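Order of appearance sets the numbers: ligands from 1, and atoms from 1 within every ligand. Note that the structure is predicted; figures quoted are calculated from it, not measured.
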Amino acid sequence: MSNPSPDLAGDADTWEKICAKELEHMKQRLKLAHLPTPIEALPHLSAELMGPNIITKRDDQTGLAFGGNKTRKLEYLIYEAQAAGADTLVTAGAVQSNHCRQTVAAAARLGLNCTLVLFGDPPSPPDGNHFLYYLLGAELVFTERPRVQDKLEETFQNLRKAGKKPYLIPYGGSNPTGALGYVNAMLELAEQGCTPDWIVFPSSSGGTQAGMLLGARMSGFHGQILGISVDEPAELLQSRVAELASQAARTMDEPYTFTAGEVLVNDEYIGDGYAIMGAREIEAIRLFAEHEALLLDPVYTGRAGAGLIDLVRKGFFKPEDTVLFWHTGGGPALFASKYQNRLIDLA
Ligand SMILES: *Cc1c(COP(=O)(O)O)cnc(C)c1O
């Protein structure tokens, strides 16, 4: 790890400590992602909104089968899977799950099998992420949303009975091990010398935000970390993130604990619920595309982008603030016909 100037990394002592320990846990990962991901200015969007200085970190460019935030988590999760001798990854998600796509892609790269337990109505013909599951060689099991946990357990046991060594990756890759991916991401941001006043991004199963919070403590980051909730009430997400961040700190033997009260979540942009693209998301996707060629997705970054736009318009940020919009990926869902058909006007 190179040693950035103290003002970039926050507190030089903290940074020294991180480097000295070389963080045994942080090293226990696979290299699946193209890191560091680039940081880019968004001058046209900033001007269009007449707001603060907006920049972005391109985790949609992590490189694994169209990228996204789950690749960082999988570097740690699959390291653990391989250390346990697993030959098959098992996880669950919605029909258009970016997490499932990146998991099956990682499995393909590493020569592992992958079974996905999916809920929702499968599109016919398959499109977006769902199409890619087939291309990347996943075994698919379909169920209804309330039955996912049971079906996952049943699938896991069936694989065992068939003589496989399955490894269960939790929903969204969000457990203390997965969260380490975003601890690492925050250390990466510090090394890039990037110290925004705000980080804004979509938050859902909480592993991304939990990792960011812990990584922020460790690197002495002084900005605010604001998760735009994609589907959960703020209170629920805040306590989940605090719990995950505290657990992740414990696995790393770091002395930090987190309370729900210090986790910033805005749940005003959930609209009609998970994966339901509304007028706000459509506006955000078009605005980012037309002004910056930055492609947001209909479920996650479209919703966080809509939140960012609204907060800027309301004067939530100071004009002199730098706001980092952390792009977490999701682009392939743009090509799901249920979204695609509503994103452009074919007059
Ligand atoms: C999964 C996902 C998120 C949410 O991350 P969590 O760690 O589940 O909170 C955000 N954006 C995209 C594109 C995702 O696929």
Side-chain angles (χ1 to χ4, degrees), residues 33 37 56-62 64-77 91-106 128-130 132 169-186 199-215 225-232 234 236-245 248 263-267 269-270 274-275 277 281 284-285 288 294-308 325-336 339:
T37 53
T56 186
K57 184 155 169 70
R58 300 292 305 273
D59 277 13
D60 58 320
Q61 300 289 315
T62 52
L64 182 70
F66 296 125
N69 64 339
K70 304 308 182 304
T71 307
R72 290 187 185 269
K73 299 176 179 187
L74 290 165
E75 291 194 324
Y76 287 93
L77 290 162
T91 197
V95 163
Q96 288 295 337
S97 163
N98 304 302
H99 165 66
C100 287
R101 167 187 30 97
Q102 287 159 87
T103 302
V104 62
N129 283 307
H130 179 243
L132 294 171
I169 295 181
Y171 188 72
S174 285
N175 63 12
T177 302
L180 296 185
Y182 272 84
V183 174
N184 196 37
M186 286 301 287
I199 294 176
V200 177
F201 62 99
S203 192
S204 177
S205 66
T208 299
Q209 191 161 5
M212 281 184 186
L213 285 185
L214 177 54
I225 296 176
L226 174 62
I228 304 293
S229 178
V230 170
D231 48 359
E232 303 281 20
L236 193 153
L237 191 51
Q238 285 169 299
S239 47
R240 183 189 294 163
V241 167
E243 177 62 26
L244 260 177
V263 180
L264 299 184
V265 172
N266 181 320
D267 64 0
Y269 302 101
I270 293 173
Y274 182 75
M277 182 178 71
E281 285 83 22
I285 291 169
F288 277 68
L294 195 65
L295 299 174
L296 306 186
D297 79 282
V299 181
Y300 295 95
T301 52
R303 186 153 286 173
L308 175 69
F325 180 75
W326 203 310
H327 196 321
T328 49
L334 281 175
F335 303 100
Y339 299 126

- Message: Just to be sure I understand the cut-off, which residues have at least one non-hydrogen atom under 4.0 angstrom from an atom of ligand 1?
- Response: Asn69, Lys70, Lys73, Asn98, Ser174, Pro202, Ser203, Ser204, Ser205, Gly206, Gly207, Thr208, Tyr300, Thr328, Gly329, Gly330

- Message: Strictly distance-based, threshold 3.5 Å: is any side-chain N or O of Ser229 a donor or acceptor partner for the main-chain N or O of Asp267?
- Response: no

- Message: My understanding is that only residues two or more places apart in sequence, or in another chain, count here; which of them pass side chain to side chain contact (heavy atoms under 4.5 Å, CB included) with Gln96?
- Response: Pro123, Asp127, Asn129, His130, Ala333, Ala336

- Query: For the residue pair Phe288 and Phe325, does the interplanar ring angle fall in the parallel (under 30°), tilted (30 to 60°) or perpendicular (over 60°) class?
  - Reply: tilted

- Note on the structure: Sorted by chain and number, sequence neighbours left out, side-chain hydrogen bond (donor to acceptor under 3.5 Å, both in side chains) with Thr328 holds for none

- Item | Phe66 six-ring centre to Arg101 NZ/CZ under 6.0 Å and within 45° of normal | no

- Message: If the condition is side chain to side chain contact (heavy atoms under 4.5 Å, CB included), which residues does Thr177 pass it with, not counting sequence neighbours?
- Response: Tyr76, Leu77, Glu80, Asn175

